[in-house]
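Report on the following structure.
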Amino acid sequence: MKKNIRVSEPSPEMQEKIRRARSAIVNQKMRMVKCPYCGHNAIAVFEDSRGHIQAKCKACGRETVFDVINMRRLYLRLHRR
């Protein structure tokens, strides 16, 4: 079964937003948050990330809501030992 997927260039305004977002994270550290079910790297987050993010794991297919701030605290606690 063929799927018709339309791929087009973003508008000039959207391209500018993408450029600004990329330049904003240039000096920030990126970290991976793992899927709580299978341990696969689920999402990449940056230092200024806040709030909740819903993502679907590419490995196991489960959807999870991540609280980015609490995941950071858990990561720090686990790696201080």
Subject >> Heavy-atom neighbours of Arg22 CZ exceed 12 at 6.0 Å >> reply: no
**OP:** Of all the heavy-atom pairs spanning Ala42 and Cys35, show the shortest one and how long it is.
**Re:** CB-N, 3.8 Å
Subject >> Closest contact, heavy atoms only, Gly39 versus Lys34 >> reply: O-CD, 3.4 Å
Subject >> Lys/Arg-Asp/Glu bridge criterion (N-O < 4.0 Å) met for Arg20, Glu16 >> reply: yes
Original post:
Roughly how far apart are Ile53 CD1 and Thr64 OG1, rounded to 0.5 Å?
Top reply: 12.0 Å
Original post:
What is the distance from atom OG of Ser49 to atom CZ of Phe66, rounded to the nearest 0.5 Å?
Top reply: 12.5 Å
Original post:
Which pairs pass side-chain hydrogen bond (donor to acceptor under 3.5 Å, both in side chains) with one or both residues in residues 54-63, sequence neighbours excluded?
Top reply: Gln54-Glu63
Under the rule for side-chain contact (heavy atoms from CB on, under 4.5 Å), what residues qualify as partners of [X], not counting sequence neighbours?
X: Pro10; result: Met14, Gln15, Ile18
X: Ala24; result: none
X: Gln28; result: Ile25, Phe46, Glu47, Asp48
X: Ala21; result: none

Original post:
Who passes side-chain hydrogen bond (donor to acceptor under 3.5 Å, both in side chains) against Ser8, sequence neighbours left out?
Top reply: none
Original post:
Side chains of Val45 and Arg31: closer than 4.5 Å at any heavy-atom pair?
Top reply: yes
